[in-house]
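Chain letters run A, B, ... following the sequence lines, proteins first and then strands; every chain starts at 1.
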Amino acid sequence: MRISHFLLATLKETPADAEIISHQLMLRAGMIRKLAAGLYSWLPLGLRVLRKVEHIVREEMDKAGAQEVLMPAVQPAELWQESGRWDKYGLELLRFKDRHAREFCLGPTHEEIITQLIRHDIRSYKQLPANFYQIQTKFRDEIRPRFGIMRAREFIMKDAYSFHLDQSSLQNTYDIMFETYTRIFKRLGLKFRAVLADTGNIGGNASHEFHVLADSGEDAIAYSTTGDYAANVEMAETLAPQGERPQASQAMNVVETPEQHSIEEISQFLKVSPSQCIKTLLVKGENGIVALVLRGDHTLNAIKAAKYPDISSPLTFAEPNDIRELVGCDIGSLGPVNLNVPIFVDHSAAHLSDFVCGANKEGQHLTGVNWGRDLPEPQAIDLRNVEAGDPSPDAKGILEIARGIEVGHIFQLGKKYSQAMQALVLDEQGRSVILSMGCYGIGVSRIVAAAIEQNHDKSGIIWPQNIAPFTLALLPMNMHKSQRVRDVTENLYQKLQEQGIEVLFDDRKERPGVMFANAELIGIPHRLVIGERGLDKGVFEYKGRCDDKAQSVAMDNVIEFITSKIL
RNA sequence: CGGGGUAUAGCGCAGCCUGGUAGCGCACUUGGUUUGGGACCAAGGUGUCGGGGGUUCGAAUCCCUCUACCCCGACCA
């Protein structure tokens with residue numbers, strides 16, 4: 001491609017509303033342009049990258065035996081009513097009416113549509129298992145789209161849905177998809193990690209997320225330093241502390257703590273460590289308010305808490321007014337002693353003795369408090385977020401925490417949708433059986449942003465080779481003044497193209513600095529410079545995007561050299 | 001949706017407090033000088049000052065109102 005025939009819309013300045021590096025660089029490199037909140041156009045350069053990601057995903061899905069389909073973005077309300085999600089999905093589902101006042105939505109995901117399709121066309125166990133996928137535009141009316149393409153309202157997703165006669169077949173395809181995803185992210189050239197995950201809105205039982213590791217990632221993932229365990233922090237279990245709880249050695253005392261509310265304030269004021277204090281959080285339960293008790297240095301895991309049947313889901317904090325009415329003080333003075341609501345205590349907090357807590361009276365706290373003596377023995381459950389240094393739940397090694405960008409998610413849905421929508425087949429005995437389902441998503445457009453988050457430097461993007469918009473930048477120095485440079489470059493451009501190499505030929509009348517800066521900003525992995533200087537010595541100059549220094553390559557040898565570099 | 005903020009040329013911004021008829025840098029066009037790391041000189045084009053209403057002789061500026069966008073929170077590929 002000659003740049004003179006290509007819209008290279010690079011910017012020197014960073015648009016003000018781009019916060020994260022991938023968004024800034026995608027705008028600066030001229031990959032995308034914003035149309036409205038969460039809606040982006042892809043310019044030629046960006047689209048080339050997007051297509052490469054799609055291509056890899058498509059190849060691997062095909063190899064795994066999945067069949068490609070394409071379903072509509074506009075979906076009738078009836079199907080969503082049938083599955084029960086028309087009411088449940090909430091405002092994220094963009095709804096509208098057609099000219100006949102019939103209700104529709106823009107598809108945020110396609111479980112309903114594929115299930116409807118399959119219940120018509122799959123009748124027999126002989127047609128199973130089957131796995132269908134599409135690469136298609138999704139719409140989710142996010143409350144707050146941000147970070148450019150990373151959290152857009154309209155985005156491109158690869159979604160796949162598999163159908164099975166039984167759980168073991170589902171498990172089998174799930175495992176194949178796990179391996180397929182692993183291959184996809186390896187081919188994309190990204191550092192990633194598969195983790196145990198919560199099933200969220202989609203529902204079902206087993207689930208894994210695939211995260212691209214990047215410090216800017218929105219998710220925290222916990223992984224064992226020595227074992228295989230890895231989980232989204234939302235999901236990661238904590239182990240109960242080992243051994244017996246220490247004996248009580250202090251008497252319970254009321255101390256005056258004027259104006260002291262937060263754990264930090266209390267621990268400094270009383271000169272005790274936060275880990276010797278406990279915090280009491282009042283949340284809504286199925287039957288009125290319940291208390292959650294954690295060690296002062298720990299944080300509540302709302303996802304885990306909401307899974308307990310007595311605790312509201314999603315987790316909702318009690319209203320300050322209700323708390324005042326119930327306890328007679330504000331949030332900063334709560335404690336579990338003589339608190340007249342059901343109390344759930346995290347394992348670590350249940351293992352404390354002689355601890356500090358609020359006295360349920362403004363300006364007072366209790367010290368030397370002990371379970372079983374000053375208040376009943378607690379029912380200990382898992383409520384807190386894991387922290388770096390915690391033992392791994394599989395008892396192998398210690399947990400570390402890393403940041404990740406969720407780019408893939410696989411679920412075993414089971415019969416959630418097939419049951420609701422009556423997707424049945426006949427088994428070998430001629431009995432009707434409800435299908436089991438799996439579903440498997442990849443955020444195709446998000447991968448483009450995630451790749452940049454993980455691979456960039458001061459000069460710009462550093463594309464992994466397999467998704468780079470071009471493989472090689474061909475930069476002639478002052479071609480307009482040197483017929484020799486022009487002839488050699490044109491010739492070389494021809495030859496490289498004959499080798500099937502994707503070359504971006506900077507045939508503009510630009511100064512060298514501009515060419516270098518542009519090629520680096522848009523992240524072309526390999527660069528070849530042709531100048532009078534080198535031609536005198538019979539060489540071109542090669543530099544990889546990550547190399548510190550350029551090297552000379554003999555002109556005669558250049559095709560072999562480049563070919564070996566891009567393998 | 002709750003809290004905070006912004007809206008002036010394609011992009012980044014100044015002007016607003018104290019009303020007087022719009023400016024700077026980048027980008028763009030033309031010419032020239034340059035040419036191995038985002039050049040320099042000269043000339044040039046570019047605006048419903050987010051929309052609507054009001055106050056005023058006069059509004060980018062003051063008042064009212066609407067809208068869009070951004071940031072923090074809850075949701076997700």
Using a 4.0 Å heavy-atom cut-off across all strands, classify A:M479 as base, sugar-phosphate, or nothing. nothing

P atoms of B:rU6 and B:rU61, separation to the nearest Å: 15 Å

Which nucleotide in B:rG38, B:rG73, B:rC76 has an atom nearest any side-chain atom of A:R146: B:rG73

Look at the rings of A:H409 and A:F411 and say which category their plane angle falls in: under 30° parallel, 30 to 60° tilted, over 60° perpendicular. parallel

Provide, to the nearest angstrom, the distance between the CG atom belonging to A:L39 and the P atom belonging to B:rA68. 13 Å

Give a yes/no verdict on base stacking between B:rA77 and A:F155: centres under 5.5 Å, planes within less than 30° of parallel. yes

Would you say that A:V283 contacts A:T316 through its side chain, given a criterion of any heavy-atom pair below 4.5 Å between the two side chains? no

For A:K509 and A:G38, take the nucleotide of RNA chain B holding the closest heavy atom to each; which residue's nucleotide lies nearer the 5' end? A:K509

Nearest-Å distance, CG (A:L106) to P (B:rA77)? 18 Å

Does A:E520 contact B:rG37 through a side-chain donor or acceptor facing the base, at a distance under 3.5 Å? yes

Ring centres under 6.0 angstrom apart (A:F163, A:Y417): no

Touch class at under 4.0 angstrom, heavy-atom based, for A:G90 against every strand present: nothing

Would you kindly check whether a donor in the side chain of A:R527 faces an acceptor in the base of B:rG37, or vice versa, at under 3.5 angstrom? yes

Atom pair distance, as rounded to whole Å: CG in A:L27 and C1' in B:rA27: 16 Å

Assess the pair A:F561 and A:Y542: is the distance between their ring centroids shorter than 6.0 Å? yes

Could you tell me whether A:L521 contacts a base, only the sugar-phosphate backbone, or nothing, with contacts defined as non-hydrogen atoms closer than 4.0 Å? base

I need the CG-P distance between A:D17 and B:rG12, as an integer number of Å. 7 Å

Under 4.0 angstrom, heavy atoms only, what part of the nucleic acid is A:A450 near: base, sugar-phosphate, or nothing? nothing

Mate of B:rA14 across any strand shown (Watson-Crick or G-U wobble, both atom pairs under 3.5 Å) is none

Any base atoms under 4.0 Å from A:R33, or only sugar-phosphate, or nothing? Heavy atoms, all strands. nothing

Using a cut-off of 4.0 Å on non-hydrogen atoms, how would the nucleic acid contact of A:H211 be classed: base, sugar-phosphate, or nothing? nothing

So what does A:M477 touch, heavy atoms closer than 4.0 Å: a base, only the sugar-phosphate, or nothing? base

Indicate, with a heavy-atom threshold strictly under 4.0 Å, whether A:G531 touches base, sugar-phosphate, or nothing. base

Please report the distance, rounded to the nearest Å, between CD in A:E218 and P in B:rC75. 12 Å

Spacing of A:L315 atom CG relative to B:rC75 atom C1', expressed in whole Å: 15 Å

Suppose we define a pair by two distances each less than 3.5 Å, Watson-Crick or G-U wobble; what does B:rC28 pair with here? B:rG44

Report yes if some heavy atom in the side chain of A:K138 is under 4.5 Å from a heavy atom in the side chain of A:H110; otherwise report no. yes

Would you measure the distance from the C1' atom in B:rA59 across to the matching atom in B:rG4 and give it in whole Å? 28 Å

Taking any heavy-atom pair under 4.0 Å as a contact, classify A:V444: base, sugar-phosphate, or nothing. nothing

Taking for A:H480 and for A:K34 the nucleotide of RNA chain B with the nearest heavy atom, the one nearer the 5' end belongs to A:H480

A:R511 side-chain proximity, nearest of B:rA77, B:rG37, B:rU34: B:rU34

Please work out if A:K481 contacts a base, only the sugar-phosphate, or nothing of the nucleic acid, heavy-atom cut-off 4.0 Å. base

Are the aromatic rings of A:Y161 and A:F132 close, with centres under 6.0 Å apart? no

Choose from B:rU35, B:rC76, B:rA77 the nucleotide whose nearest atom is closest to any side-chain atom of A:P512. B:rU35

With a 3.5 angstrom cut-off on both distances, give the Watson-Crick or G-U wobble partner of B:rA22, or none if there isn't one. none

State, with a plain yes or no, whether a side-chain heavy atom of A:N232 is found less than 4.5 Å away from one of A:H211. yes

When we call it a touch if two heavy atoms are under 4.0 Å apart, what does A:E209 touch: a base, just sugar-phosphate, or nothing? nothing

NA contact type, A:E13, heavy-atom cut-off 4.0 Å: base, sugar-phosphate, or nothing? base

On the side chain of A:R151, is there an atom forming a donor-acceptor pair with the base of B:rC76 - under 3.5 Å, no angle test? yes

Looking only at the side chain of A:K12 (C-beta and beyond, no hydrogens), which of the listed nucleotides B:rC76, B:rG12, B:rA27 gets closest? B:rA27

How is A:T14 classified with respect to the nucleic acid when contacts are heavy atoms under 4.0 Å: base, sugar-phosphate, or nothing? sugar-phosphate

For B:rG73 and B:rG52, measure between their C1' atoms and round to the nearest Å. 33 Å

Over how many whole Å does the gap from A:L7 atom CG to B:rA27 atom P extend? 17 Å

Across every strand shown, the nucleotide meeting Watson-Crick or G-U wobble geometry with B:rU33 (both distances under 3.5 Å) is B:rA39

Rounded to the nearest Å, what distance is computed from the CZ atom of residue A:R153 to the P atom of nucleotide B:rA77? 18 Å

Taking atom P in both B:rC49 and B:rG3, what distance in whole Å separates the two? 31 Å

Heavy-atom nearest pair, A:R508 first then A:N518, reads NH2-OD1, 3.0 Å

Only pairs with both distances under 3.5 Å count, Watson-Crick or wobble alike; so what is the partner of B:rG2 in this structure? B:rC72

Pairwise C1' distance for B:rG50 and B:rC69, with rounding to whole Å: 10 Å

How would you label the contact of A:N518 with the nucleic acid (heavy atoms, under 4.0 Å): base, sugar-phosphate, or nothing? base

Tell me, please, whether A:F516 has A:R527 positioned over its six-membered ring: NZ or CZ under 6.0 Å from the ring centre and within 45 degrees of its axis? yes

When the P atoms of B:rU33 and B:rC70 are considered, how many whole Å apart are they? 47 Å

Roughly how far apart, to the nearest Å, are B:rU29 and B:rG37 at atom C1'? 26 Å

